[in-house]
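The block underneath contains the structure these notes are about, expressed in structure tokens.
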Amino acid sequence: MAASSSSSRLVRAVGRSLFSGLCNNADGLMRSTHEMMCNHLLFQQQRTFIQMRTSLKVVDNSGAKRVACIQALKGKKGARLGDTIVCSVKEAQPGGKVKKGEVHYGVVVRAAMPRGRCDGSEVKFDDNAVVLINKHGEPIGTRVFGPVPHELRKKKHVKILSLAEHIA
């Protein structure tokens with residue numbers, strides 16, 4: 001009788017270890033699936049409007065390198081491609097036309113948020129970029145680097161398009 005009870009304990013222990021191994025494996029499978037979903041969502045980051053405190057790259061030769069958006073002048077949610085913003089210079093080159101801490105207007109020339117076109121295609125860029133302008137809407141710099149979308153023509157920023165190297 002003692003031998004049969006010890007063998008039944010052994011079977012129960014083995015059964016438990018197999019069962020717990022299956023449960024742990026299934027739990028691990030669910031965790032890995034969950035982790036993959038989270039990683040996929042992190043990899044595919046949601047692109048949003050350019051809003052307050054968004055850091056933008058300056059793509060002209062005005063002397064500024066990076067600016068932070070203070071306010072989008074049009075729309076409640078934020079600025080999109082071709083919109084005008086008020087921005088503060090965060091990084092500047094020494095000897096440039098603009099200095100760190102100055103407040104300027106800027107036109108968004110590249111945005112990571114997709115923008116639909118009339119032909120059904122959509123345009124989006126890898127970074128958020130701006131060209132600094134004065135109060136009259138004229139660019140402060142004399143050159144614009146990188147691609148600039150042709151949607152700026154509709155927004156009456158023809159001078160920026162004429163200074164651009166490449167029109168996308």
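Along the sequence shown, the residues carry numbers beginning at 1. Every heavy atom of this structure was used, including side-chain atoms; hydrogens, water molecules and symmetry mates were not.
- By the criterion of side-chain heavy atoms lying less than 4.5 angstrom apart, applied directly or through intervening Ile, Leu, Val, Met, Phe, Trp or Tyr residues, Leu132 is grouped together with Ile85 in one hydrophobic cluster.
- In Lys90, the NZ atom is not crowded: 12 or fewer heavy atoms of neighbouring residues, nucleotides or ligands sit closer than 6.0 Å.
- Minimum interatomic distance between Cys69 and Gln51 (heavy atoms only, all atoms of both residues): CB-O, 3.3 Å.
- In this structure, Phe145 places its CZ atom where more than 12 heavy-atom neighbours from other residues, nucleotides or ligands lie under 6.0 Å away.
- For Asn128 against Ala111, the heavy-atom pair with the smallest separation is OD1-CA, 3.4 Å.
- Scanning all heavy atoms of the two residues, the minimum distance from Val58 to Ala64 falls at CB-O, 3.5 Å.
- The shortest heavy-atom contact between Ala79 and Val108 is CB-CG2, 4.3 Å.
- Counting only heavy atoms from C-beta outward, the side chains of Lys97 and Asp60 never approach each other to under 4.5 Å.
- The residues Asp83 and Lys155 are annotated as salt-bridged, a charged nitrogen and a carboxylate oxygen being separated by less than 4.0 angstrom.
- Formation of a donor-acceptor pair under 3.5 Å by the Arg110 side chain with backbone atoms of Pro149 is not found in this model.
- Here the closest non-hydrogen pair linking His157 and Gly82 is NE2-O, 3.5 Å.
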**OP:** Go through the steps to decide whether Gln71 and Met52 satisfy the test side-chain contact (heavy atoms from CB on, under 4.5 Å), and finish with yes or no.
**Re:** CA-CA 6 Å; Gln71 184 180 13; Met52 188 187 302; over 6 Å; no

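- No path of Ile, Leu, Val, Met, Phe, Trp and Tyr side chains, each step under 4.5 Å between heavy atoms, connects Ile133 with Val98, placing them in separate hydrophobic clusters.
- The environment of Lys74 atom NZ is sparse: at most 12 non-hydrogen atoms of other residues, nucleotides or ligands sit within 6.0 angstrom.
- Atom OG of Ser88 sits about 11.0 Å away from atom CZ of Arg53, to the nearest 0.5 Å.
- Within the 4.5 Å cutoff, side-chain heavy atoms of Val103 are placed close to those of Val86.
- Lys57 NZ to Arg66 CZ: the interatomic distance, rounded to the nearest 0.5 Å, is 8.0 Å.
- A 4.5 Å side-chain heavy-atom check between Arg80 and Met113 finds at least one atom pair inside the cut-off.
- Rounding to the nearest 0.5 Å places CZ of Arg143 at 13.0 Å from OG of Ser62.
- Under the 3.5 Å distance criterion, the side-chain polar atoms of Asn61 are left unmatched by any main-chain donor or acceptor of Gly141.
- Distance CD/Glu138 to CD1/Ile160: 11.0 Å, rounded to 0.5 Å.
- Considering only heavy atoms from C-beta on, Arg117 comes within 4.5 Å of His150 through its side chain.
- Within the 4.5 Å cutoff, no side-chain heavy atoms of Val67 are placed close to those of His104.
- Pairing each heavy atom of Glu151 with each of Val123, the nearest pair is OE2-CG1, 4.2 Å.
- Both Ile70 and Val107 sit in one connected hydrophobic cluster of ILVMFWY residues. Membership requires side-chain heavy atoms under 4.5 Å apart, directly or through other members.
- Checked by atom type and distance alone, the side chain of Lys99 pairs as donor or acceptor with a backbone atom of Gly96 at under 3.5 Å.
- Note on Phe125 and Leu152: separate hydrophobic clusters, where clusters join Ile, Leu, Val, Met, Phe, Trp and Tyr whose side-chain heavy atoms are under 4.5 Å apart, directly or indirectly.
- A continuous path of ILVMFWY side-chain contacts below 4.5 Å connects Val109 to Ile167, so both sit in one hydrophobic cluster.
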